[in-house]
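In what follows, a single structure is set out as structure tokens and then discussed.
The shown structure was predicted, so the numbers you read here are calculated from the model rather than taken from an experiment. Residue numbers start at 1 and run along the sequence shown.
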Amino acid sequence: MTRLSIAQLLQPNMVAPGTLADLPLHGLLAHGIRALVLDVDRTLLPHRGTTLPAPMESWLQRAQETLPLHLFSNNPSRSRIGSVAERLGVTYTTSAGKPRRGPLRKVLSELDLPSAQVAIVGDRVFTDVLAGNRLGLFTVLVKPVNPEGLPCRYDHWQKFEVKLARLAGADLP
């Protein structure tokens, strides 16, 4: 395996124009994606939220018609992440320790797909994008979601991480 530069490790394959709900499924399918690994906090659920915003739920239902989904979170709350997974009828991982590779390797093994056919979607460069790039997944950066399902106006963490990634040589908008 070729060793990637810091800039390459922090560079998502795709940057969505908004939240997960704005991510075109046909674009993922055109890249040969056959499964999705989804971050939960601020990607599916708003900060400290427990209810899926309507646009997220609608997008997830459409995605499930085409692709297997797996929720993959650093959050240790099995009840919080598990309740979302149960509602969707999908598998999930808590306390993932992103950007560590071990838990993500286990998910890839369960999906039984080559890493290039799996997309990881999240709102953080230094966890979601970095974890996916370390294993050759297709990485997608989305805007953090607010309770209404719209891009969060106060995305300080993402702005900070994008700025750091740019300093490291990543080409991010």
**Message:** Would D41 and S73 count as a side-chain contact (heavy atoms from CB on, under 4.5 Å) here? Give the steps.
**Reply:** CA-CA 7 Å; D41 290 314; S73 179; 3.8 Å; yes
**Request:** Output, in order, the C-alpha distance, side-chain angles, deciding distance and verdict of side-chain contact (heavy atoms from CB on, under 4.5 Å) for V118 and L111.
**Result:** CA-CA 9 Å; V118 178; L111 290 170; 4.1 Å; yes
**Trace of the side-chain contact (heavy atoms from CB on, under 4.5 Å) decision for K143 with D155** = CA-CA 8 Å; K143 297 282 185 204; D155 58 344; 4.3 Å; yes
**Asked** Going through the distances and angles, do I81 and N75 end up as a side-chain contact (heavy atoms from CB on, under 4.5 Å)?
**Response** CA-CA 8 Å; I81 307 304; N75 191 312; 4.0 Å; yes
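Residue pairs that meet the salt bridge (charged side-chain N to carboxylate O under 4.0 Å, His left out) test with at least one member in residues 55-77, sequence neighbours left out, are E57-R87.
Classified by interplanar angle (parallel below 30°, tilted 30° to 60°, perpendicular above 60°), the ring pair F160/W157 is perpendicular.
The backbone N or O of L23 lies less than 3.5 Å from a partner atom in the side chain of W59, making a donor-acceptor pair. In this structure, the side chain of N74 engages the main chain of G97 through a donor-acceptor pair within 3.5 Å. Formation of a donor-acceptor pair under 3.5 Å by the N133 side chain with backbone atoms of Q11 is found in this model. Between the side chain of D112 and the backbone N or O of S109 there is no donor-acceptor pair closer than 3.5 Å. In this structure, Q158 contributes its side chain and D123 its backbone to a donor-acceptor pair below 3.5 Å. A donor-acceptor distance shorter than 3.5 angstrom exists from the side chain of S115 to the backbone of L135, with no hydrogens or angles considered. With hydrogens and angles ignored, the 3.5 Å screen pairs no side-chain donor or acceptor of Q64 with any backbone N or O of L69. The closest donor-acceptor contact from the side chain of R100 to the backbone of A131 lies at 3.5 Å or more, if one exists at all. Looking at E161, its side chain does come within 3.5 Å of a backbone N or O of F126 through a donor-acceptor pair. Panel note: side chain R166, backbone P173; a donor-acceptor pair is recorded below 3.5 Å.
The hydrophobic cluster containing L137 does not contain Y92, counting ILVMFWY residues as joined when their side-chain heavy atoms lie under 4.5 angstrom apart, directly or transitively. Neither I120 nor L60 shares a network with the other; the hydrophobic side chains, linked directly or stepwise wherever heavy atoms of I, L, V, M, F, W or Y lie under 4.5 Å apart, form separate groups for each. Using a 4.5 Å cut-off between side-chain heavy atoms of Ile, Leu, Val, Met, Phe, Trp and Tyr, with links allowed through other members, L20 and L88 fall into the same hydrophobic cluster. Under the 4.5 Å side-chain heavy-atom criterion for Ile, Leu, Val, Met, Phe, Trp and Tyr, V15 and V145 are members of distinct hydrophobic clusters. Residue L4 is grouped with residue L141 when hydrophobic side chains (ILVMFWY) are merged at heavy-atom distances under 4.5 angstrom, including chains of intermediate members.
Taking each heavy atom of A168 and A7 in turn, the nearest pair found is O-CB, 3.4 Å. Nearest heavy atoms, L36 versus A63: CD1-CB, 4.3 Å. Taking all atoms of both residues into account, the shortest heavy-atom contact from A16 to V142 is CB-CG1, 3.7 Å. Here the closest heavy-atom approach between residue V121 and residue T43 is recorded as O-CG2, 4.0 Å. Of all the heavy atoms in T19 and P144, the pair that sits closest is CG2-O, 3.9 Å. Scanning both residues, G18 and P151, for their nearest heavy atoms gives CA-CG, 4.3 Å.
No side-chain heavy atom of H31 sits less than 4.5 Å from a side-chain heavy atom of Q117. Within the 4.5 Å cutoff, the side chain of P12 has heavy atoms near those of the L172 side chain. Looking only at side-chain heavy atoms (C-beta outward), V140 and L28 come within less than 4.5 Å of each other. Counting heavy atoms from C-beta outward, L29 and L67 have side chains that approach closer than 4.5 Å.
Interatomic distance, H47 NE2 to R42 CZ, rounded to the nearest 0.5 Å: 7.0 Å. Residue L45 holds its CG atom at 13.5 Å from CZ of R48, rounded to the nearest 0.5 Å. Distance check, rounded to the nearest 0.5 Å: CE of M56 to CD of Q61 gives 13.0 Å. In this structure, R3 CZ and L9 CG are separated by 8.5 Å, a value rounded to the nearest 0.5 Å. From R105, atom CZ reaches atom CD of E110 across 14.5 Å, with rounding to the nearest 0.5 Å.
Each of L164, L10, T139 was evaluated against V125; a single residue qualifies, L10, per the side-chain contact (heavy atoms from CB on, under 4.5 Å) test.
Using a 4.0 Å cut-off between charged side-chain N and carboxylate O, D128 and K98 make a salt bridge.
In this structure, a donor-acceptor pair under 3.5 Å is present between the side chains of S5 and Q8.
Counted within 6.0 Å of CD1 on I6, heavy atoms from surrounding residues, nucleotides or ligands total 12 or fewer; the atom is thus considered open.
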